[in-house]
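Let me begin by presenting the structure, written as structure tokens, before commenting on it.
Within every chain, numbering begins at 1; the chains are lettered A, B, ... in the order of the sequence lines, protein sequences first and strands thereafter.
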Amino acid sequence: MDALYDPAAHEPRIAERWLAAGVFAGGSAPAGESYTIALPPPNVTGELHMGHALNGSTQDTLIRMRRMQGFDTLWICGTDHASIAVHAVIEKQLRAEGLTRWDLGREAFLERVGEWRERTGATIIQQFKRLGCTLDYDHERFTMDDGYVRAVLTMFERLYHKGYIYRDNRLINWCPTCASTISDLEVRHETAVDTLYDVRYRITGSSEFLTVATVRPETILADTAVAVHPDDERYRHLVGGTAVVPLVEREVPIIADEYVKMDFGTGVLKVTPGHDPNDFEIGRRHGLEELSAIGLDGRMTELAGEFAGLTVTEARDRVRQALSDRQLLAGERPYEHEVGHCDRTGDRVEPLISLQWFMRMDELASPANQAVRSGRVRFHPRTQENTYFHWMDNLRPWCISRQLWWGHQIPVWYCPDGHVTVAVSEPGACAACGSAELERDPDVLDTWFSAALWPFATIGWPDADPRLDRFYPGDVLSTARDIINLWVARMLMMGIEFMGDIPFTDVLIHSTIQAPDGRRMSKSLGTGIDPLELVDEFGADATRYGLLKMSSTQDVRFDRGAIEEGRKLTVKLWNAARFALDKADVQAQPVAPGPGAPVEDRWLASRLDAALAEVVRWVGAFDFSAAVKTLYAFVYEFCDWYIEASKARLYGEDPQARRDVSATLVWAFDMILRMAHPVLPFVTEAIWDQLPGDRGLLMLASYPQPQDGMRDDEAERAMADVIAAVTAARSDGRVRLVLPHGFAGEAIVRSLVRTAEVTVSDVATVVVVEAASEDVGAARAKLEVELARAVAERDRARGMLANERFVAKAPPAKIEEERAKEARFAAEVADIEARLASL
RNA sequence: GGGCGCAUAGCUCAGCUGGGAGAGCGUCCGCUUCACGCGCGGAAGGUCACAGGUUCGAGCCCUGUUGCGCCCACCA
């Protein structure tokens with residue numbers, strides 16, 4: 001074995017071997033239960049970022065452990081076409097060339113997207129391989145491959161026929177740069193400081209005015225009412241009358257609506273159904289006309305008269321000026337409020353009325369909601385369920401059509417009479433009138449519409465596929481918190497609707513790793529840290545370890561030290577293995593220490609089993625940080641104590657002792673490598689590789705079962721004493737050891753002699769009393785230690801019982817507990833005293 | 001505007017149903033080269049954000065304050 005472990009020299013080679021084994025497809029363990037995870041599909045052209053690396057590490061740890069435990073595992077692999085995100089990237093390139101997507105036209109644009117995809121490729125999938133992720137690469141899916149498109153269109157058709165999908169003229173969120181609608185969830189609200197203008201509306205048949213406040217004077221041109229609160233005494237007499245909209249001189253009704261806040265400004269609201277979500281609702285309630293002064297091109301429409309053709313910002317200034325000129329501007333002041341922005345482009349969202357496709361989700365939501373409320377689907381951490389419920393309880397129609405080109409084109413055809421035909425493949429004739437003159441809806445679907453099908457469209461749906469029976473419903477969905485509603489909620493709804501069952505039972509919401517300074521990791525801020533650079537520098541194992549250690553139920557700051565710790569652990573394991581391979585008889589059959597084995601061997605078995613049980617428990621509870629820390633602590637304990645202790649026998653004269661300790665060491669490595677493999681797959685496989693005999697791939701070996709029979713309290717206690725005694729001796733320079741009989745601690749002792757700068761003659765290696773010691777003094781010392789400990793414990797219990805208030809007020813059960821403790825310690829003390837006296 | 005969460009050692013974080021303040025890194029001291037200096041041992045370092053309250057007892061429960069993060073949201 002190489003003296004230095006160089007991850008770069010081993011990891012790619014090992015990754016190749018895993019891939020060649022071809023066992024990631026699912027179905028590799030037909031006898032076992034299935035265990036399925038669907039990878040959240042990264043964007044086609046994405047690069048592996050910290051979130052992917054963390055999520056990949058957690059999912060791979062789960063998959064590897066379950067595979068080793070005999071489950072038939074499937075980790076679904078693939079990428080997302082990311083409609084709007086890809087548009088944003090390509091159109092930015094085009095802008096740099098002075099072009100727009102319309103200059104190219106749909107076909108050329110899509111060609112360009114194709115080329116770009118070709119060039120940047122699905123590198124992210126390669127990067128997952130580098131991290132050691134055992135995804136089902138052979139069945140990689142793409143949300144726009146043929147089968148998947150058919151699934152998406154089938155879903156659209158079925159939902160249309162159920163009446164969940166419909167076309168409507170409603171107020172939608174319009175992103176001017178995308179030139180498309182976006183959904184409510186794609187709107188970010190940000191604080192902005194604008195100007196609030198007070199504008200005067202003349203009351204018809206009067207010389208009086210009503211003053212309304214608005215931050216968007218240009219929308220006055222589309223006003224269709226003025227509203228007051230029904231209980232507002234000041235204006236009650238005006239309700240039913242009309243007012244005149246400034247500039248356009250349109251007479252509009254004065255209406256009463258509960259929505260109006262009496263205490264805001266003058267308590268009078270201008271109603272613009274065409275450009276404001278609230279006003280839209282008011283308009284629908286009162287049957288108001290819905291006018292548009294702003295067009296889909298972001299410019300003022302014909303309705304705006306003299307302002308037609310201006311951009312919104314230009315129009316705002318000009319309208320302000322015009323109002324001012326006519327003495328209709330009563331005031332203006334800075335105003336801080338929340339403004340919607342496009343999540344992708346950062347543009348201010350323009351609320352506009354437009355004919356779009358919508359999906360209502362209330363009926364679909366109810367069983368999905370129930371699945372979580374009943375606990376069939378559990379979020380980890382649990383608190384994240386609030387996010388889910390809050391959204392699910394307040395669902396509004398989802399605008400699913402996008403005026404984009406890259407994506408699933410809506411499977412709807414219109415005939416000249418405007419009839420609608422919905423079909424998965426192009427129909428020959430209009431379903432209503434038989435006309436052959438059909439034109440397909442040019443719009444595409446929201447990316448999240450197709451993503452909602454991911455857990456089952458990837459394994460065969462809508463066809464009958466045996467994999468659907470085998471791997472659906474899946475088990476775990478691991479993702480970031482920001483797409484709980486965008487994606488997780490919709491997968492639950494669609495899974496229940498189309499598959500009749502939930503797509504997974506556990507939703508892992510992993511932490512967001514922030515930059516070391518606490519800011520969000522982002523390319524644009526320059527705060528990003530490339531996980532691949534970490535892999536290059538520290539190795540994939542170390543990176544996985546570090547990310548898992550950092551992972552938590554809340555956001556954490558990136559800590560390079562955690563990755564370094566991972567590297568230390570990797571190297572430590574490697575070197576420990578090198579020791580065993582060089583010094584022990586590795587041809588020995590692995591033998592678990594039995595009852596007659598030396599105390600340090602029994603201690604090792606006990607500790608190893610405890611650590612194993614803990615790791616299994618933590619991974620099962622999705623606490624990867626705790627799992628990984630347990631592993632680290634155990635490996636160090638093993639190296640610092642067991643390996644040191646083993647040297648006495650290994651380097652000693654007794655051939656039988658040498659054989660025994662070799663058998664134990666080989667056994668320990670066999671166990672530790674299996675145990676650590678899901679977290680540190682590469683280094684463990686590399687070591688496994690060098691063990692003698694044909695063992696096959698460690699990846700495919702079985703995961704050890706914790707066994708209570710392994711626990712050996714006596715050995716644990718004995719070693720605890722040794723460790724305590726050695727530690728104390730080391731620190732105060734006095735070396736007075738109390739060692740169990742047969743304890744092979746000479747290496748430690750030798751080391752102590754050097755450390756403490758004492759000579760061998762100062763060292764008393766003694767035996768424990770249980771071993772029928774010939775050194776009574778040492779045995780007495782050993783018992784004294786035990787006695788002191790028992791007395792200390794007893795005094796602690798007495799401390800509680802001596803507390804009068806405790807006795808007076810503590811619950812009886814607590815007091816009982818303390819009494820029992822005291823009694824137990826008293827008995828122990830008596831026993832030890834008796835044994836001391838007998839010496 | 002509503003909701004959720006976080007403030008514990010210089011740094012990054014653990015602390016389960018309230019009864020002994022922890023880990024890793026860093027610092028300091030010492031050791032060592034027969035697996036590993038990517039090593040070994042030890043030490044120092046914390047009125048657990050602040051102010052109240054409940055309790056015999058609070059890092060943990062309650063109230064408030066301050067600072068930070070996130071999610072949701074149709075008040076011009």
- Query: Can you tell me if the side-chain N/O atoms of His337(A) get under 4.0 Å from OP1 or OP2 in rA76(B)?
  - Reply: yes
- Item | Distance test, side-chain N/O of Lys572(A) to OP1/OP2 of rC40(B), below 4.0 Å | yes
- Message: For rG69(B) and Arg519(A) - does any side-chain N or O of the residue sit under 4.0 Å from the phosphate oxygens OP1/OP2?
- Response: no
- Picking from rC38(B), rC75(B), rG19(B), which would you name as closest to the side chain of Leu4(A)? rC38(B)
- Could you give the distance separating rC36(B) and rC29(B) at their C1' atoms, to the nearest angstrom? 22 Å
- Item | Distance, C1' atom - from rA43(B) to rU47(B), rounded to whole angstrom | 23 Å
- rU33(B) pairs with, by Watson-Crick or G-U criteria that keep both distances under 3.5 Å: none
- Item | From Trp618(A) atom CH2 to Lys629(A) atom NZ, the distance as rounded to the nearest 0.5 Å | 9.5 Å
- Consider the side chain of Asp559(A), meaning its heavy atoms from C-beta on, and name the nucleotide among rU12(B), rA76(B), rC70(B) that approaches it most closely. rU12(B)
- Task: For the side chain of Asn386(A), starting at C-beta, report the closest nucleotide among rA14(B), rA73(B), rC4(B).
- Result: rC4(B)
- Taking for each residue the nucleotide of RNA chain B bearing the nearest heavy atom, is the 5' side occupied by Asp555(A) or by Tyr5(A)? Tyr5(A)
- Query: Between Tyr335(A) and Tyr197(A), does the ring centroid distance fall short of 6.0 Å?
  - Reply: no
- Message: On a heavy-atom basis, which atom in Val807(A) and which in Ile815(A) lie closest, and how many Å separate them?
- Response: O-CD1, 3.2 Å
- Task: Would you please confirm or rule out a distance under 4.0 Å between OP1 or OP2 of rA76(B) and any side-chain N or O of Tyr335(A)?
- Result: yes
- Message: Is the shortest side-chain heavy-atom distance between Asp559(A) and Lys549(A) below 4.5 Å?
- Response: no
- Task: Determine the contact category for Ala576(A): base if any of its heavy atoms lies under 4.0 Å from a base atom, sugar-phosphate if only primed atoms, P, OP1 or OP2 are that close, otherwise nothing.
- Result: base
- Note on the structure: Result for 5'-nearest mapping on RNA chain B, choosing between Gly267(A) and Gln384(A), is Gln384(A)
- Query: In whole angstroms, how far is the P atom of rC13(B) from the CD1 atom of Ile513(A)?
  - Reply: 10 Å
- With P as the reference atom in both, quote the distance from rU27(B) to rU63(B) in angstrom, rounded to an integer. 43 Å
- Query: If pairing requires Watson-Crick or G-U wobble contacts with both distances under 3.5 Å, which nucleotide is the partner of rG18(B)?
  - Reply: none
- rU54(B): pairing nucleotide in any strand, Watson-Crick or G-U under 3.5 angstrom: none
- Message: Quiz question: by atom type and distance under 3.5 Å, do the side chains of Glu600(A) and Tyr642(A) form a donor-acceptor pair?
- Response: no
- Expressed as a whole number of Å, how far does the C1' atom of rA51(B) sit from that of rC38(B)? 48 Å
- Task: For rG46(B), give its Watson-Crick or G-U wobble partner with both distances under 3.5 Å, or none.
- Result: none
- Do any side-chain nitrogens or oxygens of Arg481(A) fall under 4.0 Å of OP1 or OP2 in rC70(B)? no
- Query: Paired with rG67(B): which nucleotide, if any, by Watson-Crick or G-U wobble criteria at under 3.5 Å for both distances?
  - Reply: rC6(B)
- Query: Would you say Thr387(A) reaches rC70(B)'s phosphate, i.e. side-chain N/O to OP1/OP2 under 4.0 Å?
  - Reply: no
- Closest non-hydrogen contact found for Pro531(A) with Ile529(A) is CD-O, 3.2 Å
- Shortest side-chain distance from Pro277(A), nucleotide among rC56(B), rC74(B), rA73(B): rC74(B)
- Could you tell me whether the phosphate oxygens of rG69(B), OP1 or OP2, come under 4.0 Å of any side-chain nitrogen or oxygen in Arg557(A)? no
- Query: If you measure from the P atom in rA9(B) to the same atom in rG3(B), how many Å do you get, rounded?
  - Reply: 30 Å
- Message: Starting the side chain at C-beta, find the nucleotide from rC34(B), rC75(B), rA76(B) nearest to Lys583(A).
- Response: rC34(B)
- Determine the interatomic distance between C1' on rC56(B) and the same-named atom on rA23(B); round to the nearest Å. 32 Å
- Message: When you compare the side chains of Asp555(A) and Ser511(A), does any donor N or O come within less than 3.5 Å of an acceptor on the partner?
- Response: no
- Message: Is there, by distance only and without an angle test, a donor paired with an acceptor across the side chain of Lys568(A) and the base of rC38(B) below 3.5 Å?
- Response: no
- Item | Counter-base of rG26(B), judged by Watson-Crick or G-U geometry with both distances under 3.5 Å | none
- Grab the CD1-C1' distance between Ile563(A) and rU12(B) for me, whole Å please. 12 Å
